[in-house]
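All ligand and atom numbering here is 1-based and tracks the order in the structure.
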Amino acid sequence: MRSLAVASPVPPAAAHRRRLRPSASGREVVSQCLKCEINQDRPMGALRIGHSQGNLPRHGSKNLLTPAAAAISVEQVEVSTYLPKGDMWSVHKFGGTCMGTPQRIQNVADVVLGDSSERKLIIVSAMSKVTDMMYSLVHKAQSRDDSYTEELDKVFEKHMAAAKDLLDGENLARFLSQLHSDISNLRAMLRAIYIAGHATESFSEFVVGHGELWSSQMLSYAVQKSGASCSWMDTREVLVVKPSGPDMVDPDYEESEKRLEKWFSRQPAEIIVATGFIASTAENIPTTLKRDGSDFSAAIIGSLVRARQVTIWTDVDGVFSADPRKVSEAVILSTLSYQEAWEMSYFGANVLHPRTIIPVMKDNIPIVIRNMFNLSAPGTVICKQPANEDADLDACVKSFATIDKLALVNVEGTGMAGVPGTSSAIFSAVKEVGANVIMISQASSEHSICFAVPEKEVAAVSAALHVRFREALAAGRLSKVEVIHDCSILAAVGLRMASTPGVSAILFDALAKANINVRAIAQGCSEYNITVVLKQEDCVRALRAAHSRFFLSKTTLAIGVIGPGLIGATLLNQLRDQVAVLKENMNIDVRVIGITGASTMLLSDTGVDLTRWKEEMQKEAKPADLANFVRHLSEDHVFPNKVLVDCTADTNVASHYYDWLKKGIHVITPNKKANSGPLDRYLKLRTLQRASYTHYFYEATVGAGLPIISTLRGLLETGDKILRIEGIFSGTLSYIFNNFEGTRSFSDVVAEAKEAGYTEPDPRDDLSGTDVARKVIILARESGLRLELSDIPVESLVPEALKSCSSPNEFMQKLPSFDQDWARQRHEAEAAGEVLRYVGVVDVLNGKGRVELQRYKRDHPFAQLSGSDNIIAFTTSRYKEQPLIVRGPGAGAEVTAGGVFCDILRLASYLGAPS
Ligand SMILES: NC(=O)C1=CN([C@@H]2O[C@H](COP(=O)(O)OP(=O)(O)OC[C@H]3O[C@@H](n4cnc5c(N)ncnc54)[C@H](O)[C@@H]3O)[C@@H](O)[C@H]2O)C=CC1
Ligand SMILES: N[C@@H](CC=O)C(=O)O
Ligand code: NA
């Protein structure tokens, strides 16, 4: 990759090591000020650099106390070793969590020793929580809160305990003596702060940096224990920075490089353990790189030595494709470009601070984010985008992020178009109130401009705009300055995304399918992100919908099953056996997140375990409450697509479909009540369905799993004209008349049909012809006829005397008393060489339907059926001579549940699943 910048004769390492090991104090007291030394512009590599402690020399009147604790001074020694640069270096940074306990520090030492790079530079943060403790010390002291002394004791004890655990012998003694000395200096300094009631910035920066001094010393001793060549570096001797804004500093690379070379010439160890976070100004005043500064230290040092790689060790497996707290299926990204990482950190992703990326970006040094607690995870590499990365559409999007608590401001009016200066006037008004504009969008018609600002700033922005545009508003040149509250931003981040055709289509399609309304859109020319503004309440759902479309199983579907009776239970078992296959082969992730019966319901956030749903239903279930059940589904934020599967025969349940579709919940059902109920309701439902992206499927309402509705749809949608549909639509009645033979009684065969699961929950619905009439109505309406159920003449097979039975059981018990009548009717037909068949007819030409018991010759196709077969003949303009016939079992648990399952997969494919 890169070649060495400087190669120099290196004296025997041992000699250097001896000279450069930290002194008993851990630091070397030297005589000459670094500032003066550097100013003399000496040849590099010849300095002994240390920072003194205790009775320190002064650097000038500005920092009277600071030098007493932190002056950085140098002593000249002979030039011996130059700093090599390039691939031999690997830089590691270990965050506070990695350094949290003695055991963890030891693990860090092991990781460092396990890296086979020729030279290693290790940057460490303070032990976890220590930096906060140090800030609190300063805060307490300047607030004249005495308890700072106890807190300082805690800091001392924490480090002493850690060191005693980790180190022994001479190293422990050295460390503890240094710790004592530092703590007593800090006590003096904090006392001064306490008396003054004020801490200058340099005072507090000096105090807070101690966490890194101690953690890095402990680590360097721990590494030395193994006998490795290791030096400790106080980066205040090397890293020079200058303030570049509030709470921001810029590295002085040139000066830092000089100082590093000089430092290295004195201590050319193979492993250098250095303090993160701290640095000094050009005047040698201790300072810090501000929050997250250790990452920055690592990046700057990585750049100074032109490292092969900078590894940032933390406690996550890498950079996620979305906030894993919001998207449980977020994945770890294997690579990211610098710009993408940059963009993501803007959107709040816990990646790296953008400034951390700058130093390494200029030298194309990769940054790797690794998990200290899961060494098997390869992590995320942040590097220059490889030119040949495959141009897969989906791969263009790397991650999604959101920003909440925003408001949109919309300034609108005809007087804006073509008037130069309008946007400047708007944004200068915004600037005057100090608001931060997060996103701007203006359509090219120029009649409006909208922008997003933090919700807490919008009142001031709106007021300022009303003042600024008072005249324009009064004159009507501007029609309004409108505020839309409670908005969020969803941003898709990816390098080539904005320039790759189809990416935004997929994004917006995913949002549309999740029924999410987009309020504003912005896509910068930077190609790195597409930003959409939406209602805050939709934000997590939108994030999940978009994320799942690009990263997950392409289609996720949350299902609520209503009515786990025969069909519902069979469906749940079929799902149990097939979900893994669907995920593997079709990229469809189906989760049942609720099951409700008439009396109890079971709710789950992530998906019911379908291998034990019945037990769970008994153990975990709550009293059934349909409204709560639906709320559970609609308020779920994990899954973008939700579907209610109604497996009841309940009219009341069916009456809710309209509301559910309106809520964006898809509906699938074998229940015929909605489509055969009042015509106006049916039409309203279908109109809503057609106008929305929410789907309603009901294939199993006619012919169970047989493709009846879909066949009819196919004919109609391709322009065929339906003339007539007739057939045997009842599995129950088909079974009864197919098996009502010989000596068998009618009531026995009905009981068998019920036992086989062909009948409706109340078998009278079958025998009365009502079930067939419902199917006729469904097909008639599907064919365009506007008929009510009452328009269908129905010949009922329920004896008059049994119509008033109070229960299906009573009906079944009394049915045998009518067996004689049935036997007679059958014998009459048989005598004529005929069979009894119960048929339904949709006479589309005449706009009518009927349901009746008919006699057919033995060779008629309707006489050839067996079992619960349905047979449906479509006579159409195209199928005029010979009807199109669909035949097969038209009732029963497996085939019906299979039909419902097919609808679920149809929905998945409408939602984008592969075919
Ligand atoms: N059995 C079959 O071969 C076919 C049945 N169908 C239809 O499938 C649906 C279910 O039929 P089956 O499973 O045979 O009936 P079933 O009686 O075995 O199951 C219905 C279930 O719904 C429950 N239920 C009733 N009202 C409810 C409510 N308000 N909330 C929650 N749960 C409620 C019942 O407790 C029962 O568990 C019916 O609409 C039927 O017309 C459609 C095609 C074929
Ligand atoms: N009970 C019905 C079931 C299907 O809709 C029938 O028998 O056909
Ligand atoms: Na069907």
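Of the N or O atoms in A891, none lie within a sub-3.5 Å distance of an N or O in ligand 1. Not a single N or O atom of P761, backbone or side chain, sits closer than 3.5 Å to an N or O atom of ligand 1. Note: an N/O pair closer than 3.5 Å links T648 and ligand 1 by distance alone. For a threshold of 3.5 Å applied to N or O pairs, the pair formed by A893 and ligand 1 contains no separation below that value.
Numbered from 1 in the order shown, with element, the atoms of ligand 1 that lie under 4.0 Å from a heavy atom of G757 read 1 (N), 2 (C), 3 (O). The V653 neighbourhood of ligand 1 comprises atoms 28 (C), 29 (N), with distances under 4.0 Å to a heavy atom of that residue. Close approach to L566 involves these atoms of ligand 1, each under 4.0 Å from a residue heavy atom: 13 (O), 14 (O), 16 (P), 18 (O), 19 (O). Counting the atoms of ligand 2 from 1 in the order shown, those under 4.0 Å from a heavy atom of D766 are 1 (N), 2 (C), 6 (C), 7 (O). Residue K672 has at least one heavy-atom neighbour below 4.0 Å for each of these atoms of ligand 2: 4 (C), 5 (O). Near Y758, meaning under 4.0 Å from one of its heavy atoms, ligand 2 places the atoms 1 (N), 2 (C), 3 (C), 6 (C), 7 (O). Near T732, the atoms of ligand 2 lying under 4.0 angstrom from a non-hydrogen atom of the residue are 1 (N), 6 (C), 7 (O), 8 (O).
The six-membered or imidazole ring of F737 lies away from that of Y838, with a centre-to-centre distance of 6.0 Å or more.
No hydrogens or angles considered: a donor-acceptor pair under 3.5 Å links the side chains of T876 and D720. A donor atom on one side chain and an acceptor atom on the other are not found under 3.5 Å apart for N809 and S807. Inspection of the Q689 and Y658 side chains reveals no N or O donor paired with an N or O acceptor under 3.5 Å. With hydrogens and angles left out, the side-chain atoms of T770 and D765 include no donor and acceptor closer than 3.5 Å. A side-chain N or O of T718 and one of R878 form a donor-acceptor pair less than 3.5 Å apart.
Contact annotation for T759 and ligand 2: only backbone heavy atoms (N, CA, C, O) come within less than 4.0 Å of the ligand. Residue contacts with ligand 1, taken as heavy atom pairs separated by less than 4.0 Å, involve C647 solely via the backbone atoms N, CA, C and O. Contacts between D650 and ligand 1, counted as non-hydrogen atom pairs separated by less than 4.0 Å, involve the side chain only. The backbone of A700, and not its side chain, has at least one atom closer than 4.0 Å to an atom of ligand 1 (non-hydrogen atoms only; backbone = N, CA, C, O). Contact annotation for N671 and ligand 1: heavy atoms of both the backbone and the side chain come within less than 4.0 Å of the ligand. Heavy atoms of T596 found under 4.0 angstrom from ligand 1 belong exclusively to the backbone. Contacts between K673 and ligand 1, counted as non-hydrogen atom pairs separated by less than 4.0 Å, are absent for every part of the residue.
The Na ion (ligand 3) has no N, O or S atom of A700 under 3.0 Å away, backbone or side chain. Among the atoms of P707, no N, O or S atom is found under 3.0 Å from the Na ion (ligand 3). At a cut-off of 3.0 Å, G899 does not coordinate the Na ion (ligand 3) through any N, O or S atom.
Here the heavy atom of the protein found nearest to atom 44 (C) of ligand 1 is T896 OG1, 3.1 Å. At the top of the distance list for atom 40 (C) of ligand 1, counting protein heavy atoms only, stands E760 OE1, 3.3 Å.
Remark: of the listed residues V702, V886, I872, V886 is the sole one forming a side-chain contact (heavy atoms from CB on, under 4.5 Å) with P707.
For atom 34 (C) of ligand 1, the protein comes within 4.0 Å by no heavy atom at all.
Taking 4.0 Å as the cut-off between side-chain N and carboxylate O, K754 and E760 do not count as a salt-bridged pair.
Around the Na ion (ligand 3), the angle linking A704 (O) with E699 (OE2) is 140°, rounded to 10 degrees.
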